[in-house]
Amino acid sequence: MDTSTRAAKIPSLHQQTEINWDNLNMTKFYVVGAGMFSCVTVALYPVSVVKTRMQVASGEAMRSNALATFKNILKADGVPGLYRGFGTVITGAIPARIIFLSALEKTKATSLRLVKPLELSESTEAALANGLGGLTASLCSQAVFVPIDVVSQKLMVQGYSGHVNYTGGLDVVEKIMKADGPRGLYRGFGLSVMTYAPSSAVWWASYGFSQRVIWSALGRLNDKEDTPSQLKIVGVQATGGMIAGAVTSCVSTPLDTIKTRLQVNQNKPKAGEVVRRLIAEEGWKGFYRGLGPRFFSSSAWGTSMIVCYEYLKRVCAKAEEA
């Protein structure tokens, strides 16, 4: 049911602008969601390839900016070069997102109930509940996501700056299993958890908080107007996603750079060695290699993802009883 047809005065802003997880048709949600998020991944995947290439660059390639890296990929491999490892990502992303979204929404709902007795502001409640939801969801999904990340990143950088060539995702898995066994698929797992779990917490907390602040600025927290239009809801959610993506990229890029180098390096260095080499080669700014593409990717992904996600929940909402 469209939110514009709901009662004009509903006390909670959360109820006005968000649909509860328990009110969704889950089968429809997962099927439609898989297709929707796959389309978003197709659009933004090349940015991830450029970012990864920049993070592992060595020698002369270290001087290339994002645009130069993009042009070099097109020149060497054409458009397919921008989608190296895409098959692996799109295959593994579906179960990973199901785990992530289920854990996210269940934790958010539980957290909101737990913080209610504290009588905090709605913005603070949203930040805490969303942050805990993002943290838990990331921790739960890492078991699926890390092997996908390892395989896809090796495909992204194959043949680049001395990295090994592969015939496909299965070839990567076979070579990793032969060299290191199953644990090879989890190289950088600790750093992935350290990178993505806090990043997810920061992203969702920033989104929840900024969304409430924006609504407050628009007068919604004081019920100064009837239920907001769908266009206004989408605009606020998109702005919140953009802010959350920008904040998160600035916080998480250093750990992401270290993690990427650990996962693609054939010499199996320790995290400390990667850190020392980065400092020796470029100083502290080396930790922010690929910040531009990551900033754009995180902001663009955050905006498109949250708009699609909130729209998806509206499309898949169960019909309300009279």
Inset, instruction - Consider only side-chain N and O atoms of Ser121 and Thr124, and report whether a donor and an acceptor are under 3.5 Å apart. - result: yes
Legend entry - Close side-chain approach of Val234 to Arg314, heavy-atom, < 4.5 Å: yes
Inset, instruction - Compare all side-chain heavy atoms of Leu74 with those of Lys71 and state whether any distance is below 4.5 angstrom. - result: no
Which side-chain N or O atoms in residues 132-139 pair as donor and acceptor under 3.5 Å with protein atoms at least two apart or in another chain?
residue: Thr136; atom: OG1; partner: Leu132; partner atom: O; Å: 2.9
residue: Ser138; atom: OG; partner: Gln142; partner atom: NE2; Å: 3.3
residue: Ser138; atom: OG; partner: Tyr196; partner atom: O; Å: 3.2
residue: Ser138; atom: OG; partner: Ala197; partner atom: N; Å: 3.3

Inset, instruction - Using a 4.5 Å cut-off on heavy atoms from C-beta on, say whether the side chain of Lys154 contacts that of Arg84. - result: no
Inset, instruction - Return the orientation label for the Trp203 and Tyr207 ring planes: parallel under 30°, perpendicular over 60°, tilted otherwise. - result: parallel
Legend entry - Side-chain donor or acceptor of Thr248 paired with backbone N/O of Gly245 under 3.5 Å: no
Inset, instruction - Find out whether Tyr30 and Ile98 are in side-chain contact, i.e. whether some heavy atom of one side chain is under 4.5 Å from a heavy atom of the other. - result: yes
Inset, instruction - Check the pair Leu24 / Glu105 against side-chain contact (heavy atoms from CB on, under 4.5 Å), numbers first and verdict last. - result: CA-CA 11 Å; Leu24 294 176; Glu105 292 293 344; over 6 Å; no
Inset, instruction - With the side chain counted from C-beta on, respond yes when Phe70 and Val47 share a heavy-atom pair under 4.5 Å apart, and no when they do not. - result: no
Inset, instruction - Verify the distance criterion only: is there a donor paired with an acceptor across the side chains of Arg97 and Ser102 at less than 3.5 Å? - result: no
Legend entry - OH (Tyr309) with more than 12 external heavy atoms under 6.0 Å: yes
Legend entry - Min side-chain heavy-atom separation Val151-Val173 under 4.5 Å: yes
Legend entry - Set of side-chain hydrogen bond (donor to acceptor under 3.5 Å, both in side chains) partners for Asn25, sequence neighbours left out: none
